[in-house]
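Numbers here simply count residues along the sequence, with the first being 1.
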Amino acid sequence: MAPALWCHSLVVRCPHPPASSRLRERLEAAAAWWPAVKNLPLWEVRSPAHSSAEDARERTRREAERPLLPGRSTVRAVLVRHADGVADLVLVADRSQVPRALLRRLATALTEGEATAPEAGETGTDTAAPNTSAGAPSLRATAPTWGLGDPSHSGRTGAVTVSVALPHSEEPQLLLSAATALALSRYDGETVPHVAVLDPDGTGPGAVSAYRLEVGEEESVDAFLRRAATAVEPHADDRAEASPLPGTSVGVAFGDAVPGHRYLPYQSPLLPLTLFWEREADGSFTGTCSYDEGAVAPRTAEDFAARVVHLAAQLAKTSRGAGDTVIGSLGTTTDEEVGAIVRAGAAPPVRDAGHGPRSITRRFADVVRQRPDAVALTGGGTTLTYRQLDDRAERMARGLRSRGVEPGALVGVCLERDPGLVVALLAVLKAGCAYVTMDPQYPDDRLRYTATDAGVPLVIGDRGRFPETEGVQVVGAEELLSAVAGSPADGVPVEDPAGGERPAYVIYTSGSTGRPKGVVVPHRNVLALLDATEQDFGLGPDDVWTLFHSSAFDFSVWEIWGCLLTGGRLVVVPFWVTRSPDQFHELLVAQRVTVLNQTPSAFHQLIEADRNAAPLSLRLVVFGGEPLDARTLLPWFARHPHTECRLVNMFGITETTVHVTAQTVTPELAVAGSRSVGPALPGWSVSVRDSRGRVLPPGAAGEIWVGGAGLADRYLGRPELTTERFVTDAVTGERHYRSGDKGRMRPDGSLDHLGRLDSQVKVRGHRIELDEIRSVLLGDSVVTAAAVVLHEPPGERSAARIDAYVVLKPGATEHEVLAGLRRTLPEYMVPSTVTAIASIPLTLNGKLERAALPAPRTATPGPADAPPLRPAAQPDGDPLGDRVLGLWSRHLQTEVRPEDNFFELGGNSLLAVRLLRDLRESRLPGISMQDFYRNSTAGQFVEAVRRAAGPSATAD
């Protein structure tokens, strides 16, 4: 145990300190009733500062926090003399040998000359025999998730002093303990927070008790306080190693103040944060909040102590004559503090924002006038200048009008990723309509549902592929262009003053009911997003962007209009290239792309493809769509200096127009595993709220609320849901969106994104954050990617289990991973199964595709010399077939026969990427992703490789 944990100290201010000789005489007199101090040295040090100066206070504090040396005296006495003649007597002692009362008696004897004999049993033992194990109770402390501490400062301690008056309260200690539990509940979200109650005079395990007080927000204050009186559970186990509160982060202790004395029960905090309350002579309390800076930031400690004081005052007030007041009505923060937190999370719009064109089409027209002959769009062998793109979109817009589509209508667009898709989207806007995007890869049922729910009269798409839908005409893009060939242009529709308020697009997102819901976003939101980012990101005509994502994913809104409205060149990436990281990397190199937008999962695949490839021209990479684990970027930073290519982690939601915040990721943040997504973009605001919509203090986790320029108009045709999610904030009076995402604010107004609120699950009574388990997995050096899911059989909640899926480095095993989890997590958080897979399956939008995960298997150790899985041998002893099936078997982790289908065996698109890469590295012919899908049966694939290999295919 560290010496600072078994030491305590006492500082006594001496306005008129006695002479050194007089102090030594008093020390000799004290030896008459305490022989152990007979030979105790009295040290003196001089401080050059005035006693009221910060330097003087710091000098005394350091002396009071300097522990005894093991094997030396159990007491140390130091007199710190300041420049103005005032002195501080500092006594440091072993808690197990010198109780607090004896320490104070010695201080009185030295400073006042009184030598009253101590009571029986009060004196210590031998000053030369310190006990380094019994002085402090044993606690398995855990850093609070809300502490915002800096791990590099671990062991560095700090203290904050607060005071509170609780007049007319018969049980002030009860109020302070209950307020601590309530504050902790608000910070960590636990309904039964665990607080340690420490006895300043106790030693060993018996010096700590568990304080478990369930917090019911609907319970009356009186009922809450009645239960609080019986919430302490004394420690009944005398074993020194026992801990009544495993994982505790906050403790409280109580004592009586003595004027001029400052007592420190433990030189080093037993817990990440401890509040030591001393009752003053007037009945008020002075609290010292001690904390470890590695676990709790100074500002957070100060805020937490203030929250306890605020809640204690409210509990005291409401317990007198307001018995019907419920706990949920007590605010964690004052109105002034709430205002400051909200202001810190809001960013003012950029200067001159909103003074330019307020519709996408008008701003695009400005770019066309400025750069008519610059290339705007490339892809699939097609290149269009800004003038050509504008002309083609205008012709298609007239084609829509010729089909009876009126301004204000919603128009469906269901096209493959090629330049024609961008033309169609622009054409819909030019016709005064809003586009509803649908991905051709979606199942017919979803396409039909979207078209029907949106009420689109027309879909621009492939008539032969789009499912027949009542009331919906499907028209090809070329058909619309040819319908008005040669007819005079009638110009872009004249916009009314509210043109920017008109809907620009509707994107459907997943719904909790299992049916997607349409989000209606106006023109002004898209332009506000560009106003907020254009200058910071340096977006301009020299940039080359990619359209990588499906038009049904809102990331595409940023890709298309972020490029075209700032004069850049947009490269449309074909679907099959997006599924092949190697081919996509080649495209990035060939097109000299400078701005790239990726989900973290997709970028992880690109990092692998970049290892031995040609250099890139990227200067900006924007992450979005899902939480980023910054540690996965370290291999990228090893090859690409952050000063040459800026990586930006952005949090956003479809309902808030793609992006909300921005955080530049540095190698330092990546090493730290930062979850910061940065402050709000100019014109946006973020705050974190509890379930009642109350603003939470920095550090506390809750629901992210978003306000400002990016809020969507509504959910299409769902007024009740719109009212539920888009609310008027009682604090600001402004409209906000309740995101359903979990986050925490930092004191500087930046936001940490902690995943979805619904990633929190309960298994056999334990509340578990799946993202926490995933984070631990990603921290394992043998794991390169991970997913964690809850499996709960219908109607059998007791059979619920957690399944983990991992992508491992070569040679690693599931057993190693499981062993690592057991070393890090409580048993109830260790997944029931750990299944190694070749890659994490993703949806078209780059998010986890849970349905594509294979059936889990337990991670059991196999013999070290176990042979690798081998395919069933080809009947004719075909060496090429054996090699190819061997690759399949290794990636699918099962025996593969010629008739087996890759996807039926649990394969997915990203696993196919790995397989095809291994195929090339094995010096077998390369097969495109598209050909792989066409030959997804093992026997077919072998023949495809044989054809590509030519006459030498029979060679081993």
Donor-acceptor check, side chain of [X] to backbone of [Y], threshold 3.5 angstrom: yes or no?
X: Thr566; Y: Leu539; answer: no
X: Arg392; Y: Leu481; answer: no
X: Arg738; Y: Arg725; answer: no
X: Thr594; Y: Val544; answer: yes
X: Ser556; Y: Phe553; answer: yes
X: Thr723; Y: Pro719; answer: yes
X: Asp536; Y: Thr533; answer: no
X: Arg631; Y: Gly673; answer: no
X: Tyr805; Y: Pro854; answer: yes
X: Arg619; Y: Arg646; answer: no

### Task
Using the side-chain contact (heavy atoms from CB on, under 4.5 Å) rule, take Cys563 and Val595 through it: C-alpha gap first, then chi angles, then the decisive distance, then the call.
CA-CA 9 Å; Cys563 178; Val595 178; over 6 Å; no

### Task
Kindly indicate, with the supporting measurements, whether the criterion salt bridge (charged side-chain N to carboxylate O under 4.0 Å, His left out) is fulfilled by Arg850 and Asp803.
CA-CA 11 Å; Arg850 177 167 176 164; Asp803 295 322; over 6 Å; no

Answer whether the closest heavy-atom distance between the side chains of [X] and [Y] falls below 4.5 Å.
X: Thr578; Y: Phe584; answer: no
X: Val428; Y: Tyr505; answer: no
X: Leu527; Y: Leu565; answer: yes
X: Leu853; Y: Ile837; answer: yes
X: Val405; Y: Cys433; answer: yes
X: Arg446; Y: Met438; answer: no
X: Arg569; Y: Gln591; answer: yes
X: Glu394; Y: Asp390; answer: no

Taking only distance into account, with no hydrogens and no angle test, what donor-acceptor pairs under 3.5 Å do side-chain atoms of residues 407-423 form with protein atoms, sequence neighbours excluded?
unit_1: Glu416; atom_1: OE2; unit_2: Arg465; atom_2: NH1; d: 2.9
unit_1: Glu416; atom_1: OE2; unit_2: Arg465; atom_2: NH2; d: 3.2
unit_1: Arg417; atom_1: NH1; unit_2: Phe548; atom_2: O; d: 2.4
unit_1: Asp418; atom_1: OD1; unit_2: Gly420; atom_2: N; d: 2.9
unit_1: Asp418; atom_1: OD1; unit_2: Leu421; atom_2: N; d: 3.2

Contact summary for [X] and [Y], nearest pair of heavy atoms:
X: Gly568; Y: Tyr386; answer: O-OH, 2.6 Å
X: Val789; Y: Leu848; answer: CG1-CD2, 4.4 Å
X: Ile607; Y: Pro635; answer: CG2-CB, 4.0 Å
X: Val913; Y: Pro581; answer: CG1-CD, 3.3 Å
X: Ser676; Y: Ser674; answer: N-OG, 3.1 Å
X: Ala397; Y: Ala427; answer: CB-O, 3.4 Å

[atom1] of [X] to [atom2] of [Y]: how many Å apart, nearest 0.5 Å?
X: Thr657; Y: Arg524; atom1: OG1; atom2: CZ; value: 8.0 Å
X: Met650; Y: Leu628; atom1: CE; atom2: CG; value: 13.0 Å
X: Leu426; Y: Ile360; atom1: CG; atom2: CD1; value: 9.0 Å
X: Glu655; Y: Ile507; atom1: CD; atom2: CD1; value: 10.5 Å
X: Tyr737; Y: Leu711; atom1: OH; atom2: CG; value: 9.0 Å
X: Leu447; Y: Thr452; atom1: CG; atom2: OG1; value: 10.5 Å

Electrostatic pair [X]-[Y], nearest N-O below 4.0 angstrom:
X: Arg592; Y: Asp542; value: no
X: Arg718; Y: Asp453; value: yes
X: Lys517; Y: Glu720; value: no
X: Arg675; Y: Asp752; value: no
X: Glu626; Y: Arg774; value: no

### Query
Do Ser601 and Ile840 pass the side-chain contact (heavy atoms from CB on, under 4.5 Å) test, and can you show the C-alpha distance, the side-chain angles, and the key distance before you say yes or no?
CA-CA 8 Å; Ser601 296; Ile840 302 298; 5.9 Å; no

### Side-chain donor-acceptor pair present, His549, Asn597, cut-off under 3.5 Å
no

### Donor-acceptor pair between Ser359 and Thr361 side chains, under 3.5 angstrom
yes

Take the angle between the ring planes of [X] and [Y] and call it parallel below 30°, perpendicular above 60°, tilted in between.
X: Phe637; Y: His642; value: perpendicular
X: His753; Y: Phe651; value: tilted
X: Tyr508; Y: Tyr449; value: perpendicular

### Query
Would Ile704 and Val660 count as a side-chain contact (heavy atoms from CB on, under 4.5 Å) if you check the C-alpha gap in whole Å, the side-chain angles of each, and the deciding distance to 0.1 Å?
CA-CA 11 Å; Ile704 300 172; Val660 173; over 6 Å; no

### Query
Is it true that atom CD of Glu479 has more than 12 heavy atoms of other residues, nucleotides or ligands lying nearer than 6.0 Å?
yes

### Query
Of all residues at least two apart in sequence or in a different chain, which pass the side chain to side chain contact (heavy atoms under 4.5 Å, CB included) check with His640?
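In terms of side chain to side chain contact (heavy atoms under 4.5 Å, CB included), with neighbours along the sequence ignored, His640 is linked to Asp610, Leu616, Trp636.
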
### Query
Would Phe623 and His659 count as a close aromatic pair, with their ring centres under 6.0 Å?
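Not close enough - the centres of the two rings lie 6.0 Å or further apart.
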
### Task
Might you work through the side-chain contact (heavy atoms from CB on, under 4.5 Å) test for Trp684 and Thr661, ending with a clear yes or no?
CA-CA 8 Å; Trp684 273 252; Thr661 67; over 6 Å; no

